[in-house]
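Here is the structure we will look at.
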2 protein chains.
Amino acid sequence: MMSQSADLEAVRSYHHGDLRRAILESTLEIIDKQGLEAVSLRAVARRLGVSEAAPYHHFSGKQELLAVLAADAYRSFGECLTTAVGSAADDPFARLNALARAYIEYGLESRGRYRLMFGNHMVDLGEYEEVQVAGRPTRAILESVIAGCVGSAKVDAAAIENISWSLCHGLTSLIGESEIVFDGGSGDGERLIEVGISILIAGIRAHLGLPAAS
Amino acid sequence: MMSQSADLEAVRSYHHGDLRRAILESTLEIIDKQGLEAVSLRAVARRLGVSEAAPYHHFSGKQELLAVLAADAYRSFGECLTTAVGSAADDPFARLNALARAYIEYGLESRGRYRLMFGNHMVDLGEYEEVQVAGRPTRAILESVIAGCVGSAKVDAAAIENISWSLCHGLTSLIGESEIVFDGGSGDGERLIEVGISILIAGIRAHLGLPAAS
DNA sequence: GTCTATAGCGTGATAGAC
DNA sequence: GTCTATCACGCTATAGAC
């Protein structure tokens with residue numbers, strides 16, 4: 001009986017849990033286009049045609065809403081990276097290459113989610129256990145890929161991990177937030193990512209005393 | 001006659017231009033400790049013991065206050081980088097090393113200023129011409145240092161610039177915002193920066209087809 | 001030239017009615 | 001599940017005191 005009028009109901013109102021999903025989607029859209037600072041529960045509510053207090057019945061507040069979105073983002077990000085590494089050739093540096101590419105491309109395509117995970121917002125989303133748990137696999141992938149690269153030597157493994165992360169984050173962040181401007185053609189971004197990963201891998205190989213080519 | 005009571009006057013009130021400076025200092029302190037989002041003109045005014053509308057007589061609004069601080073930051077940052085490069089040995093990669101170190105150390109020591117310049121706040125400070133002008137030298141230094149490294153070949157000069165910037169920004173950002181956590185001793189941060197610059201330079205040398213050592 | 005007082009509006013959050 | 005108040009606080013603009 002409920003399924004018969006479900007569609008019509010969904011159009012007219014947000015009963016039965018639809019509002020929660022609508023709020024999540026609408027908020028992510030705002031973060032994508034205008035950034036995290038532009039998020040306002042009241043504006044979201046107005047946009048969805050419900051009262052300004054309605055969102056508080058689905059989330060304890062703005063922080064929790066953002067935390068739920070951040071946890072979702074970490075899960076989706078982790079899956080993306082895992083898939084990319086899994087599809088790569090059976091070579092440590094090929095895996096690192098695939099990981100870095102996937103990281104940067106995900107960050108550029110899902111700007112809002114990336115801002116939620118690694119943006120400099122002063123909302124302490126790390127306090128939420130769900131967010132911490134969701135973010136753990138991401139770090140584990142990087143760790144295992146780098147472990148494969150350094151091999152049994154394990155020289156500066158932690159540092160190399162963080163350097164790889166830093167380059168990916170820096171590139172994603174500067175391109176995504178339009179701090180890097182391209183004056184040439186449309187392929188400049190692609191070329192920049194290619195050169196970046198190439199320099200990263202060559203630098204790590206040199207640091208580990210490995211020959212230049214793979 | 002005014003200079004005789006200047007000190008006493010300064011304690012009791014912020015006449016004669018002192019309020020402007022006090023607002024700038026107080027705001028920067030807040031950005032340092034709590035981040036850009038925590039800045040509130042009203043709170044600053046209360047903290048300085050003036051009315052909540054007083055700041056508007058020195059700045060047209062919050063944006064302009066932040067823009068003035070950002071321009072100051074760019075000037076100070078540019079001077080710091082110029083000095084560092086000038087003191088470096090007469091070798092292209094030694095200069096790049098000095099530049100990268102100075103960049104990261106400045107960003108970590110002056111967190112607030114760094115957040116103003118390169119943080120992901122959605123305040124369009126780039127719209128202010130003063131900010132644009134103040135930021136230009138910084139980019140010019142990086143350009144000239146990299147130009148020295150690539151030499152006459154000029155292969156991927158722009159990309160190498162942006163990669164160097166990305167690594168420095170990524171490291172500064174992740175360390176400064178405490179996303180990278182150190183489980184070891186207190187020297188871990190220093191070691192990370194050292195390895196990072198070493199990998200960057202080795203990677204660039206390899207990309208340019210130069211021998212490994214300097 | 002500098003500051004105070006006040007008012008309009010948007011936002012986060014809560015309590016209680018439907 | 002949702003709505004209607006309602007409160008506290010933020011940014012901003014204006015009028016007027018010193």
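Lettering follows sequence order; numbering is per chain, from 1. This one's a predicted model, so the numbers in the text were calculated from it and none came from an experiment.
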For this session: Using ring pair (Phe, Tyr, Trp, His ring centres under 6.0 Å) as the criterion, list what pairs up with A:His169, not counting sequence neighbours.
Result: A:Tyr114

For this session: Quickly work out the A:Leu19 CG to D:dC3 C1' distance and round it to whole Å.
Result: 12 Å

Problem set entry | Any residue meeting side-chain hydrogen bond (donor to acceptor under 3.5 Å, both in side chains) with B:Glu109, in chain and number order, not counting sequence neighbours | none

Exercise. Can a salt bridge be assigned to the pair B:Arg115 and B:Glu37 using a cut-off of 4.0 Å between side-chain N and carboxylate O?
Worked result: no

Problem set entry | Spacing between B:Phe59 atom CZ and C:dT2 atom P, to the nearest angstrom | 12 Å

For this session: Quick one, give me the B/S/- string for nucleotides 12-18 of chain C, reading 5' to 3', where B means a protein heavy atom under 4.0 Å from the base and S means that only happens at the primed atoms, P, OP1 or OP2.
Result: BBB-B--

Exercise. To the nearest angstrom, how far is B:His58 atom NE2 from C:dT4 atom C1'?
Worked result: 13 Å

Seminar exercise, completed: Across all chains, not counting sequence neighbours, the salt bridge (Lys or Arg N to Asp or Glu O under 4.0 Å) partners of B:Glu130 are B:Arg75

Exercise. Counting only side-chain N and O atoms of A:Arg20, is one of them less than 4.0 Å from OP1 or OP2 of D:dT2?
Worked result: no

Exercise. Below 4.0 angstrom from OP1 or OP2 of D:dG10, is there any side-chain N or O of B:Arg46?
Worked result: yes

For this session: Kindly write out the residues that satisfy side-chain hydrogen bond (donor to acceptor under 3.5 Å, both in side chains) with A:Arg191, not counting sequence neighbours, or none if the list is empty.
Result: A:Glu194, B:Asp156

Exercise. Could you state the CD1-C1' distance from B:Ile23 to C:dT2, rounded to the nearest angstrom?
Worked result: 11 Å

What pairs of donor and acceptor atoms, side-chain ones from residues 160-167 of chain A against any protein atom, are under 3.5 angstrom apart with sequence neighbours left out?
from	atom 1	to	atom 2	distance (Å)
A:Glu161	OE1	A:Arg139	NH2	3.4
A:Asn162	OD1	A:Arg139	NH2	2.9
A:Asn162	ND2	A:Ala158	O	3.3
A:Ser164	OG	A:Ile160	O	2.8
A:Trp165	NE1	A:Tyr103	OH	3.1
A:Ser166	OG	A:Asn162	O	2.7

